Amino acid sequence: MNMSKRIRGLTGDEGDGWGVFYRARRMKLAGEPVTELTIGEHDIRTDPSILEAMHDAAKAGHTGYAMVPGVDALRDAVAGRVAERTGVPTTHDNVLITPGGQSALFASHHAVCDEGDIALYCDPYYATYPGTLRGVGAVATAIQTRPEEDFQPQAADIAAVAGDAVSLLINSPNNPTGVVYSRETMESIAGVCQKHDLWLISDEVYDTQVWEGEHISPRALPDMVERTLVVGSMSKSHAMTGSRVGWVIGPEEVISNLINLATHTTYGVPGYIQDAAVFALGQPELEEEVAAPFRRRREIVQRLVAGQNVVKAVPASGAMYVMLDIRATGLSGEDFANRLLDTHMIAVMPGESFGRAAAGHVRVAMTVADDALEAAFATLLDFANEVAR
Ligand code: PMP
């Protein structure tokens, strides 16, 4: 029996370099002391107070079908938060609650792309992007960014392919690079979207983790509110990866169509999880606690990198990652990661697993305790310096 092209197309030919990740996982399962600096998941769990709110809501009976667009209290809380942070008037009619940011990314593209439409995204990219775009029938087209421009997308590169495209997906703070797009970058992206009539889909799931500069939501730039869909999530901000709660923010007409999509796909997010999310959003100190370790660890990384000159760090301004330029070792990102795993039991992600633009780099997730990160990082730098000699 044949399966659809759409489902078979979810995995493309990108994604080289994930072999290191799976190998590290197998070694760890076999009991080897591997330090995993690979995936973007916190080393802490969801705060007990959030779990209590979840428990109380479930016990109180919020276990039936919840409102498909999201419960009013959560839609209001998200709208209020966005309005406060960006100054853009936002009501619950601009908000759809989704099972996580991943589902919001799919829904957003589903809303704006027809079969065969060109949907743009920036390379390096979060691993699921091209598959998500293909999953709605779009032709996923990468725009290369460059290490010498700190991986900030350039308007001219977008404009060169924008004429035939319908949407552009951006992500700041960025996974995998840790880069926060500057105001200049955001304004130039907005300009291209207006000139070429593109939808802008802005993945802002790391917006509470900004260490330097400011987070700019392009929805707040002049004349962007009607063409921008913002993807958000509680996963990274509140260490709630397993709760699967996120959102799409956009024009009312898009949201009302997306409610239709939700009716026919997810049928909403569990009510007790939404109640816990309302509770969590009401306690600003919780997201500060979740962000604090990454701010500290980034300083450790910067101090260690400054003590040698073989490995260069891409300026990590946000998110939980640091991207290292290891081209001076003469190795590819993949060879570097494989050799580091074999010789020192430290697992990092090859830049090549995030696209072509990050070749010759490795991404380090700062998701282990400070002292373990410091030790592993020092070893990584020694290894790089030995290889370079
Ligand atoms: N966007 C980016 C850039 C991510 O890194 C992730 C998760 N790693 C997601 C979206 C999806 O996260 P979730 O579905 O857990 O909200």
Side-chain angles (χ1 to χ4, degrees), residues 10 14-15 18 21 36-46 50 70 74 78 95-110 119 121-133 135 140 142 145 151 153 168-181 200-210 215 217-218 229-249 262 265-266 269-270 273-274 276-277 280-281 287 290-291 294 316-323 349 351 353-355 357-358 363-367:
L10 283 177
E14 69 272 337
W18 281 82
F21 169 74
E36 278 187 294
L37 306 174
T38 48
I39 59 167
E41 185 150 32
H42 322 68
D43 48 320
I44 53 162
R45 299 284 93 178
T46 307
I50 301 177
L74 183 54
V78 171
V95 179
L96 172 77
I97 303 301
T98 60
Q102 185 58 50
S103 159
L105 283 165
F106 181 85
S108 301
H109 285 89
H110 210 297
Y121 65 104
C122 302
D123 181 341
Y125 51 84
Y126 168 48
T128 66
Y129 279 3
T132 302
L133 275 43
T145 62
F151 295 109
L168 167 65
L169 170 59
I170 59 169
N171 172 221
S172 174
N174 187 270
N175 177 11
T177 60
V179 165
V180 173
Y181 293 180
L200 181 59
I201 299 172
S202 178
D203 178 343
E204 303 181 17
V205 303
Y206 293 99
D207 67 347
T208 61
Q209 300 174 351
V210 176
H215 170 66
S217 178
L229 304 181
V230 173
V231 168
S233 169
M234 306 282 292
S235 287
K236 311 293 175 177
S237 59
H238 290 78
M240 287 179 74
T241 47
S243 292
R244 312 309 303 134
V245 56
W247 51 80
V248 180
I249 294 163
T265 52
T266 61
V269 173
I273 298 221
Q274 297 195 59
L281 290 176
E287 61 195 63
V290 171
F294 302 114
S317 311
M320 34 175 98
Y321 314 101
V322 58
M323 186 68 105
M349 291 299 292
S353 37
F354 309 105
R363 186 193 75 175
V364 179
M366 300 182 285
T367 48

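What you see is a predicted model; the values in this text were computed from it and never measured. Atoms within each ligand, like the ligands themselves, are counted from 1 in listed order. Basis for what follows: all heavy atoms, side chains included, without hydrogens, waters or symmetry-related copies.
In summary, the atoms of ligand 1 found under 4.0 Å from a heavy atom of Y206, numbered by their order in the structure, are 3 (C), 4 (C), 5 (O), 8 (N). Annotation for ligand 1: atoms under 4.0 Å from non-hydrogen atoms of D203 are 1 (N), 2 (C), 3 (C), 10 (C). Using a 4.0 Å cut-off to heavy atoms of G100, the atoms of ligand 1 that qualify are 14 (O), 16 (O). Atoms of ligand 1 found under 4.0 Å from any heavy atom of G101, numbered from 1 in the order shown, are 13 (P), 14 (O), 16 (O). Of all the atoms in ligand 1, the ones that sit under 4.0 Å from a non-hydrogen atom of S235 are 13 (P), 15 (O), 16 (O). Heavy-atom proximity to R244, at under 4.0 Å, picks out these atoms of ligand 1: 13 (P), 14 (O), 15 (O).
For atom 8 (N) of ligand 1, the nearest non-hydrogen atom of the protein is K236 NZ, 2.9 Å.
Residue Q102 places at least one N or O, backbone or side chain, under 3.5 Å from an N or O of ligand 1. When only interatomic distances are considered, the shortest N/O to N/O separation between Y129 and ligand 1 does not fall below 3.5 Å. Backbone and side-chain nitrogen or oxygen atoms of S103 are examined, and none is located within less than 3.5 angstrom of a nitrogen or oxygen of ligand 1.
When the options W247, Y126, Y321 are ranked by their closest heavy atom to atom 9 (C) of ligand 1, first place goes to Y126.
Between T241 and ligand 1 there is no heavy-atom distance shorter than 4.0 Å.
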For T241 and E41, run side chain to side chain donor-acceptor pair (under 3.5 Å): C-alpha distance rounded to whole Å, both residues' side-chain angles, the deciding distance at 0.1 Å, then the answer.
CA-CA 8 Å; T241 47; E41 185 150 32; 2.6 Å; yes
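Within the 4.5 Å cutoff, the side chain of Q102 has heavy atoms near those of the Y126 side chain.
Interatomic distance, N171 CG to E204 CD, rounded to the nearest 0.5 Å: 9.0 Å.
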